[in-house]
Each structure stands twice: as structure tokens, then as C-alpha cells.
4 protein chains.
Amino acid sequence: MSKKQDIMVATLDLIHEEGLQSVTFSKIFKRANVGSGTIYNYFVNKEEIVHAVYKEARLHMGEYLVQGFIPEASLYERFKRLQLNRLQFGIDFPKEYLFIDSFSFSPYISPEVRNMDDAHNSRDVVLSVIIEGQKNGIFKEMESHLCHQLIHGIITSILKGYYVQKYPLNEIQIQQILEASWKAILV
Amino acid sequence: MSKKQDIMVATLDLIHEEGLQSVTFSKIFKRANVGSGTIYNYFVNKEEIVHAVYKEARLHMGEYLVQGFIPEASLYERFKRLQLNRLQFGIDFPKEYLFIDSFSFSPYISPEVRNMDDAHNSRDVVLSVIIEGQKNGIFKEMESHLCHQLIHGIITSILKGYYVQKYPLNEIQIQQILEASWKAILV
Amino acid sequence: MSKKQDIMVATLDLIHEEGLQSVTFSKIFKRANVGSGTIYNYFVNKEEIVHAVYKEARLHMGEYLVQGFIPEASLYERFKRLQLNRLQFGIDFPKEYLFIDSFSFSPYISPEVRNMDDAHNSRDVVLSVIIEGQKNGIFKEMESHLCHQLIHGIITSILKGYYVQKYPLNEIQIQQILEASWKAILV
Amino acid sequence: MSKKQDIMVATLDLIHEEGLQSVTFSKIFKRANVGSGTIYNYFVNKEEIVHAVYKEARLHMGEYLVQGFIPEASLYERFKRLQLNRLQFGIDFPKEYLFIDSFSFSPYISPEVRNMDDAHNSRDVVLSVIIEGQKNGIFKEMESHLCHQLIHGIITSILKGYYVQKYPLNEIQIQQILEASWKAILV
DNA sequence: GATGAATGAGTATTCATTCAT
DNA sequence: GATGAATGAATACTCATTCAT
């Protein structure tokens, strides 16, 4: 693994363990096993590292979200696939998921990074499913971004409880959650 | 207002305005109009202040959540009352609500504070409503904490959109949300 | 002596010994016997310290330059008094003199500080003597600031040789220098 | 041009543009278009480069100073030739002249470099002219190094004003200056 | 000889904390 | 109890220097 990757991995780990606010350069150096000056061969400052880690995580999640998505499947199937993928990503990559969630709304993120394109336009895929459902009279009429946020919010909330070990997330729970989020936005 | 209260109010305001990570002691001193040494008469360090603010906010919210809660009312009425109270608290006290949400799942909170008892055991009240609904075959069978988290997640989601002024929250929208969260967990 | 004075004295000493470029904060702390944070109670940054030291030195020199200056004395007497005072200041306060000379033309000085008023308007006193001499046909016609610079340049040059111990500066040498600078600008 | 020359030229240019204190190795590398390690094939450290540049400039100036110097010419002719050469060198090579002037009296120069022999013993040539003039009763009796410094000081003063474009230096001004410096040291 | 990635000691500055008043 | 001057450990970042290629 390259030094650059070492640095990014160490940074994400530290953000997860201690929170963005307590990630210091000296912690990154030690964790990544590089000299203190080495970082500056790859990043101009700390902000850059965090943004690079964020972009990578966003791309990773973007790819994950559309895995197995079949445009021809029923609305219900497509909806559940998208929600499942998000939930599964959160389960498999808690560090990435939490970091994306917290950093996306932090004052430290630059606008262009927050509004970056996701891999495979995953955001647009979700939005188009919502809009289709509303057009067909299946989903409640509401601003599509609000609806988007609502179904994300449920997943995020559930994951946060899971991360602090309030409950397990097995096949059964997962199906219950997908069902609940579907019903929450039905007419 | 006591110096201690001045300090706590200033701290919550600053957390809301600039985020936990950029709140420094000197900002607190200036905002609270106290000398730099004064804090140490009340708190042993910064962590203590934040925890104290968190506890107070949790107690405040705990009281609020059970306002007008009538144990004898119907399940539906009681459920809606609890969800309404939470939503209303978030509308009336955005600083408290957001801070509780973010701090509860941050790496900085100590487990015993996260799991503190709420005023009036509000958490237990909510949980008992959920369990009752499940016993009566009205709510889907699922781990009660999962269910709890799910209906909170919907409220939190909606509030975050409201805070960034994506939409208003009037009587109509509020009733729709309560309805949606009720339907999300019906069998 | 106040901490602030300690810091300024230490700074001037270090500039003299090692040059502006190698004066570091840690050297200042140690020399001044103060904690590293103490400086920031008095100066917002290093630039401020250097400017404060410069201003003080300029004020000191400004007072010195007009000592014993008698407006009613002959042009020759007044000219020699001004040149003597400058030379004597350089002999008595080499640290101040060298620092003023080098910093005045450095790219680090702010314009407002470079153009600050000297104590007793000593610069104007010198210029008016030059202009008077030119009007009376005693001094060569040339741009007054150029003439000013020329007679300063002689003193500065002589002092720099003296500082590196090329020669002594006793009563005899001093009179020779005053005489030479007078003759250099005669018609 | 050799890499070594590239490095020295870049260094002098940078000193002139930004001042000795802000010349860093990385600026030199980039300006000279050499790899960062290359310097160490020629110089053991930064101090070495600066001293090498200084020595070269001194040699260059030393040669220039005695150009067209005719030992058999009259004292007046020889004096004017030396002063003219110095002035002309300053006009033609401002970077070298200013660097020599500032570095000669800086705390960074080592004594042996400051007292190095000039090309063609130009310093001795000047001194011998001074001494001859004093023996013949033409120049005032004063310490020869003091006299040397004095006539240099006038040239340096004039050049500094010229560099900041206070005035032009054409044939006429040049003759006035040579005349003034001659008169300054006459008995 | 020439290179530039890697290094770590050193820099200015911040900030929680102490303590004499 | 209340204060704020003084502190120094810790921070982000720079830069001369090394060394494997």
C-alpha cells in the first residue's frame, strides 16, 4: 500500500475512534507509520486529507448503493434494493458511513465536495424512484428531497442505534426496517 | 442567572453556532462574561461542561416528552402525543435537540451519560407504549429498542430538513408526520 | 521591568547578535525568561514585536538627534550638531542604530511604521537645514531627500566600519567625519 | 552553464528579489531547475552557497574596480577612476553590489570571508592612492581605512537612492558625485 | 552525477489550566 | 467566589538534509 493510502486509512480510523475534532497530525503520523513531513508530499494541509478521505468514501458508497439494482424490477423491489444497499453499506463499513453522515453536514466541508457527483449517479437513481412512485400515486406527495432525506434518516438512525449495540441487525430486523421505511412514505 | 448557568448557556450557544469542535474556553469566557478562572469553580474541565450541558438538555427534553401524556388515553392517542411532543421540542429548542442528537452518538460521550435516566423515565414511557402495541397485535413484532429508534429517526430526519428550511412545519405537515410514523410500525 | 519590556529588550539583543532572520520565538522566550504563551498577552505575533521594538528605537533616536540643537546657531553649527548627534547615537546605541538602518529598508516593515513621525520631527529639522543651505547657495543644488540620504549614508557607512572594528572613533576622527560630510555637499 | 553556476545564479537572484532571510532551498531548486539533492554535490549547506555567491561577487567587483586604472596617471585621475569604477559596477550589477554591501556587515558572514583578498588586490590599490594623497598633503590626514570607508559610503548612498529611482545617474550627475567625494577628503 | 520521496527537528501559534491577588 | 496574567504542552506546518535509485 502506498504512503498516501496509509495516511488516508489512518485518518479514517482515527476519525472513527476519536472523532474529527481530536484527529491530530501527530496521531496520523504515528498510526500511518510515516514521517511528519511525508504528508505534505501528498496533501497540502489537513483539510485536504479529510476531503480526500471523504471523496473516497463517497465514491465507495455510491458504487455500493446501486449494486444489484435492476431498472426493470418493480418499484417495490427497486425501493427495497436501494434501502437494503444503504443499510448493508452502513453495516459493512461503519467508519465510512458515519464519517460521510457527520461530515456532510459539518461546517468544514467545502461546497464543491459536498455536491460532488456520486459514482453511478446513485443519488439520482434514488430520486427517480421516489418521483416515479409519487407520479403513480403510490408514495405520498411531498418534496422529493424531503422524502429522500426521510428514508435516509430512518436508515441512519437505525444504524446509529446498531453501532452503539442497542440491538442486532440480522435478516429479520433488516426486512422489518425495509418494510417500515416503505410504509412510512406510502399514501 | 448564576455564573454557572451563564457558562452553560454560552457553551450550548457556541456549540450550536460553531460546532463542538471549535468551542474553546476563551470563547466561552467571553460569551459568558466571566473571568477565565471562574469556570474552575464549577467544572473540573471542558468535558465536564459539555456533559453538564448535555444532561440538562436531556432532562429538559425528558420533561417535555411526557407533557400532556395521559396513561388512560388510547394507544393511538398516547403514541401521537409522544411523537408530537418530540417534534414540538425539536421545533421549540433546536439547539438542545441537535446537540442531544449529535452528542449521543459521538465518541466523546461517556456510556454512563448516554444511558442516563431521563426525567420522568420518558424513555420507559415510550418503550412501554411500543411493547403494549406489540402485545395487542397493533404494532409489528420487532425489538422494542429498534422500533424506538425507528420512530425517533423519522422525527429527527424531518426536523433536520426543517432546520435548514427545506419546508415549513405547520399543523397539516405535523399531522402527516405523526400519521406516517404510526403507519411505519403498524403490522 | 515589565514582561513586555523584557521581551522587547531580548528581541533587540537577539536581532543584533544573530540577525532578524534567525530570531525565533523560543530564543526570545529563553532570553526574556518568560513562558512561550506570555508573548501573546502583549503582541499578536512576531511581526508586532519587531515593529514595537523598531518604533521604540526610532523614538529614542529621534529624541537624541535634536539634543542640543539651537535653531539660532549658524548653519554650519546646526549641520554639525545634527551629524554629530547621529554619529554619537550610532556609537552609543549600536543595536538600535543597526536595526533601524536594516529594518527601514527591509520588505518586512509596514509602510505606516516606516513613515511614522519621529520624535521632535527630527527628520524635518534635518531637511530644513539642507533646504536653507541650498537656498543660501552654500549647499549644492540637488533633490533634498537625496542630499539627506547622502549625509546619512556617510555616517552609516562610517559606523558600519567602526562596528566591525576597522578603526576607532575618537574626538579627532569624529571631527574629520563631520568636516568631510559638510564639504561633500558644499557647492 | 554548469549546475553549480545555475544554483549560484538562482541564489543571487532570489536574495535580490526576496531578501536573504526568505531564500529557501526549495526556492533555489525550483529556480535553478535542479533536483533537491543536486546541491549537495557542490555545497555542504546553505551557508556555503551564500558564501560562494559572495566570494564570486567580490571577485567580480574586484576585477571591475581596477579596470582602466593607470598607475602612472595623476592622483586625481586615479582617484576618479576608482570611484567611477565602483559607481559603474553598482549601476551595472545592482544585485551583486547590494548583496555585497548588506552581507559584508551582517552577522552571518565569517570574518575570514569578509577579509578575503579581492581580485588584483583592489582594496590595496585604493588604500595606496589614499595614503599617497595624504603623504603629498592633498588629502586630509585620517586613518586610511576610515577614509576608504568614507568615500565608499558616498558611492553606496548615491547608488541606493538610484536603485529606488529617486534620480537618474547620467554623465553629469556622475561627474558631480566624483567631484563631491574628492572634495570630501581634501585638506 | 542527478534525482526527489522521505524524513524529523524546528517554527509560530493556540489554548486549557494554574495561582497569586 | 471571582479574576486574568502567566504558563507550557500540544498543534499544524516548514524546510534543510539524507539516501536509495
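Keep in mind that the numbers below use all heavy atoms, side chains included, and drop hydrogens, waters and symmetry copies. Note on naming: letters A, B, ... go to the chains in the order of the sequence lines (proteins, then strands), and numbering restarts at 1 for each one. As the structure is a computational prediction, the values presented were derived from the model and not from experiment.
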Counting only Watson-Crick pairs (N1-N3 plus N6-O4 or O6-N4) and G-U wobbles (N1-O2, O6-N3), all under 3.5 Å, who is the partner of [N]?
N	answer
E:dT14	F:dA9
E:dG8	F:dC15
F:dT3	E:dA20

Item to check | Trace of the salt bridge (charged side-chain N to carboxylate O under 4.0 Å, His left out) decision for B:Asp101 with B:Lys160 | outcome: CA-CA 10 Å; B:Asp101 181 66; B:Lys160 285 187 177 171; 3.1 Å; yes

Atom [atom1] of [X] to atom [atom2] of [N]: distance rounded to whole Å?
X	N	atom1	atom2	answer
D:Asp6	E:dG1	CG	P	15 Å
B:Tyr40	E:dT21	OH	P	21 Å
B:Glu48	E:dT17	CD	C1'	15 Å
D:Lys30	F:dC15	NZ	P	9 Å
B:Gln21	F:dA12	CD	P	12 Å
D:Phe43	F:dT17	CZ	P	13 Å
D:Ile49	F:dT17	CD1	P	9 Å
C:Asn33	F:dA5	CG	P	20 Å

Next on the checklist: Under a 3.5 Å cutoff, is there a donor and acceptor pairing between the side chains of C:Tyr97 and C:Thr156?
Outcome noted: yes

Next on the checklist: On DNA chain F, compare the nucleotides closest to C:Gly35 and B:Gly37; which residue's is nearer the 5' end?
Outcome noted: B:Gly37

Next on the checklist: Under 3.5 Å, is there any donor-acceptor pair linking the side chain of D:Ser36 to the base of E:dA5?
Outcome noted: yes

Checklist entry - Is there a donor and acceptor pair closer than 3.5 Å between the side chain of A:Thr38 and the base of E:dA5? => result no

Item to check | Under-4.0 Å salt bridge between C:Arg31 and C:Glu17 | outcome: yes

Item to check | Lys/Arg N to Asp/Glu carboxylate O, B:Lys27 vs B:Glu18, below 4.0 Å | outcome: yes

Please work out if [X] contacts a base, only the sugar-phosphate, or nothing of the nucleic acid, heavy-atom cut-off 4.0 Å.
X	answer
C:Tyr42	sugar-phosphate
C:Phe29	base
C:Val23	sugar-phosphate

Side chain of [X] - closest among [options]:
X	options	result
C:Val34	E:dT13, F:dC13, F:dT7	F:dT7
A:Thr24	F:dA5, F:dT11, F:dT17	F:dT11
B:Phe25	E:dT17, F:dT14, E:dT11	E:dT17

Checklist entry - When you check the phosphate oxygens OP1 and OP2 of F:dT3, does a side-chain N or O of B:Lys3 lie under 4.0 Å from one of them? => result yes

Next on the checklist: So, does A:Ser26 get its side chain near the phosphate of F:dT11, meaning an N or O under 4.0 Å from OP1 or OP2?
Outcome noted: yes

Checklist entry - Can you tell me if CZ on A:Phe105 sees more than 12 non-hydrogen neighbours from other groups inside 6.0 Å? => result no

Checklist outcome for this item: Between D:Asn41 and C:Ser22, whichever has its closest DNA chain E nucleotide further toward 5' is D:Asn41

Checklist entry - When the nearest nucleotide of DNA chain E is assigned to C:Val44 and to C:Lys27 on a heavy-atom basis, which residue is associated with the more 5' position? => result C:Lys27

Checklist entry - Do the two ring centres, one from A:His51 and one from A:Phe43, sit under 6.0 Å apart? => result no

